[in-house]
Amino acid sequence: MKRILPLLLLLVFATTASGEGVYFNRARGFLFPGFPPEVPFILRADTAGQAAPSLPLNLGDDDFTLSLIFDNLRDTPDRDYRYSDADGKRRKAIMPGFTLILEDAGGQRFTTNWGYKVTELPVGDTRAAETRLTVTAPGMNPSSFNIGKNKKRNRLALCRRGDNMRIEAGSDKTADGLTVPLPVGFAPVHLSIVPDGGAEFAFFNLALTCDTPEEPPQMPVPEISQRIILSSDSRAGYWAQAGFTVDNNFIVNGGDYVVAIVPLPGGEYSLRYMEGARVHAGYWKRGMEKCHLTPRADDVYSARWLCPDGRDADPLATAIFQDGNLVITFPSLHGATITLRPHRAYTPAPVPDTEYEE
């Protein structure tokens with residue numbers, strides 16, 4: 001099953017001006033911290049060495065597809081684009097590009113440079129340009145291929161399949177590309193986009209999809225109960241919302257939730273909705289996943305909360321088991337937190353015949 005990341009949530013965004021347009025890609029929930037939230041997102045490098053947008057990743061070594069749609073706003077080969085270098089000296093560039101970097105915890109980098117091959121035409125003072133992609137994998141020499149004549153609207157996709165990365169690029173469709181091997185165990189934890197000096201790009205979309213094993217979107221209540229009974233994990237069981245801190249001008253509390261914590265292989269946890277939704281109450285069904293926890297260090301986890309419209313509360317969200325509670329923190333949402341506490345007296349209501357849909 002192909003799962004779009006991020007997916008679902010326990011918080012619901014308020015329809016206030018401060019809550020609109022927060023995401024670089026609203027449908028996927030990506031936000032570059034410290035950069036303007038407008039769509040399209042404008043990446044400009046009039047000064048060399050200025051900050052580049054970056055995001056933390058939690059992909060492990062799963063298969064994924066990372067795709068971008070963008071325009072080059074400085075794509076005229078007959079024009080020299082000016083910028084300042086790191087020493088403050090004025091420089092000029094011809095059709096500057098950018099580099100997309102995937103980096104793992106050990107510092108290994110997989111880079112994809114979107115650039116241009118500019119040639120002088122034999123007649124007159126004019127130049128012609130072709131788009132050229134250069135890929136560098138850890139431990140390998142760079143590989144390059146020409147995409148063709150430069151066009152304004154561009155697409156770039158990185159498709160991981162096992163130990164190989166397929167890079168596809170083009171204007172109307174991502175048809176041209178190449179496949180390169182990845183080092184064993186390469187698991188990117190960081191994404192950054194670094195513009196060349198003098199570059200200016202308008203990004204309209206950044207989408208990440210991850211291929212994962214088939215998982216029912218709604219786990220039957222009897223199966224949840226059975227998994228909890230058979231689990232030796234002390235955290236398995238039913239938990240209730242015990243606290244909530246939030247800027248009410250930005251987001252609102254979606255309900256007083258009860259969830260079932262179901263342990264998964266690899267130290268992960270799936271939090272399944274049981275009851276309590278007030279907002280979008282008609283959407284939520286018992287057994288739906290509201291949160292997925294992936295271990296990071298000790299009792300700290302990456303948290304992915306799910307919402308009905310397909311947005312993630314915060315790609316930087318973390319969770320920690322502490323003092324008998326589970327506290328989820330959303331740094332990008334004005335420091336909002338949710339606290340869950342074991343509800344040992346909770347027993348799921350009997351399952352009616354109409355609860356699960358075919």
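Every heavy atom of this structure was used, including side-chain atoms; hydrogens, water molecules and symmetry mates were not.
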Flag the pair [X] / [Y] as yes when at least one side-chain heavy-atom distance between them is below 4.5 Å, and no otherwise.
X: I42; Y: L73; result: yes
X: L340; Y: L271; result: yes
X: C159; Y: M165; result: no
X: N72; Y: T131; result: no
X: F201; Y: I193; result: no
X: V180; Y: F110; result: yes
X: V135; Y: M140; result: no
X: F64; Y: P188; result: yes

For Y257 and I338, what are the C-alpha separation, side-chain angles and deciding distance, and is it a side-chain contact (heavy atoms from CB on, under 4.5 Å)?
CA-CA 10 Å; Y257 291 96; I338 297 169; over 6 Å; no

Could you tell me how the ring of Y346 sits relative to the ring of H343: parallel (under 30°), tilted (30 to 60°) or perpendicular (over 60°)?
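Because their plane-to-plane angle lies in the 30° to 60° range, the rings of Y346 and H343 count as tilted.
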
Would you call the rings of F70 and F98 parallel, tilted or perpendicular if under 30° counts as parallel and over 60° as perpendicular?
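Rings of F70 and F98: perpendicular, over 60°.
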
ILVMFWY cluster, [X] and [Y] together (side-chain gap under 4.5 Å):
X: F244; Y: V259; answer: yes
X: V194; Y: M95; answer: no
X: L178; Y: I147; answer: yes
X: F145; Y: L156; answer: yes
X: L191; Y: I101; answer: no

At their closest point, which heavy atom of [X] faces which heavy atom of [Y], and how far apart are they?
X: A277; Y: A281; result: O-CB, 3.5 Å
X: G197; Y: P96; result: O-CB, 3.5 Å
X: Y116; Y: G97; result: CE1-CA, 4.4 Å
X: G267; Y: P295; result: O-CD, 3.8 Å
X: L326; Y: A319; result: CD1-CB, 4.0 Å
X: P348; Y: S225; result: CG-OG, 4.1 Å

If you count heavy atoms of other groups shown closer than 6.0 angstrom to CZ of R90, is the number above 12?
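For R90, atom CZ is crowded (more than 12 foreign heavy atoms under 6.0 Å).
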
So does D256 pair up with R278, basic N to acidic O under 4.0 Å?
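R278 and D256: salt-bridged.
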
Is a salt bridge present between R127 and D80, judged by a nitrogen-to-oxygen distance below 4.0 Å?
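Judged by the 4.0 Å cut-off on N to carboxylate O distance, R127 and D80 do form a salt bridge.
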
Donor-acceptor pair, distance only, cut-off 3.5 Å: does the side chain of [X] make one with the backbone of [Y]?
X: K290; Y: G287; answer: no
X: D63; Y: G162; answer: yes
X: E275; Y: R286; answer: no
X: R74; Y: G198; answer: yes

Nearest 0.5 Å, what's the [atom1]-[atom2] distance between [X] and [Y]?
X: I320; Y: T337; atom1: CD1; atom2: OG1; result: 12.5 Å
X: T99; Y: W114; atom1: OG1; atom2: CH2; result: 12.5 Å
X: R235; Y: D299; atom1: CZ; atom2: CG; result: 4.5 Å
X: T179; Y: E168; atom1: OG1; atom2: CD; result: 8.0 Å
X: R132; Y: N146; atom1: CZ; atom2: CG; result: 4.5 Å
X: L57; Y: D104; atom1: CG; atom2: CG; result: 11.5 Å

Can you confirm whether the side chains of T294 and S302 place a donor and an acceptor under 3.5 Å from each other?
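Result is no, nothing qualifies.
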
Side-chain donor-acceptor pair present, S270, R272, cut-off under 3.5 Å
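Indeed, the side chains of S270 and R272 share at least one donor-acceptor pair under 3.5 Å.
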
Assess the residue pair T76 and Y81 against the criterion (side-chain contact (heavy atoms from CB on, under 4.5 Å)); give the C-alpha distance rounded to whole Å, side-chain angles, the decisive distance to 0.1 Å, and a yes or no.
CA-CA 9 Å; T76 304; Y81 296 98; 3.4 Å; yes

Residue pair L293, F321: steps toward the side-chain contact (heavy atoms from CB on, under 4.5 Å) verdict:
CA-CA 11 Å; L293 304 183; F321 287 98; 4.1 Å; yes

Checking side chain to side chain donor-acceptor pair (under 3.5 Å) between S144 and each of N113, T134, T136, which is the one that passes?
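It is T134; the other options fail the test.
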
Among T126, I94, V118, side-chain contact (heavy atoms from CB on, under 4.5 Å) partner for D78
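Result: among T126, I94, V118, T126 is the only option passing the side-chain contact (heavy atoms from CB on, under 4.5 Å) with D78.
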
Take T329 and T318, measure what side-chain hydrogen bond (donor to acceptor under 3.5 Å, both in side chains) needs, and give me the verdict at the end.
CA-CA 5 Å; T329 302; T318 60; 4.7 Å; no

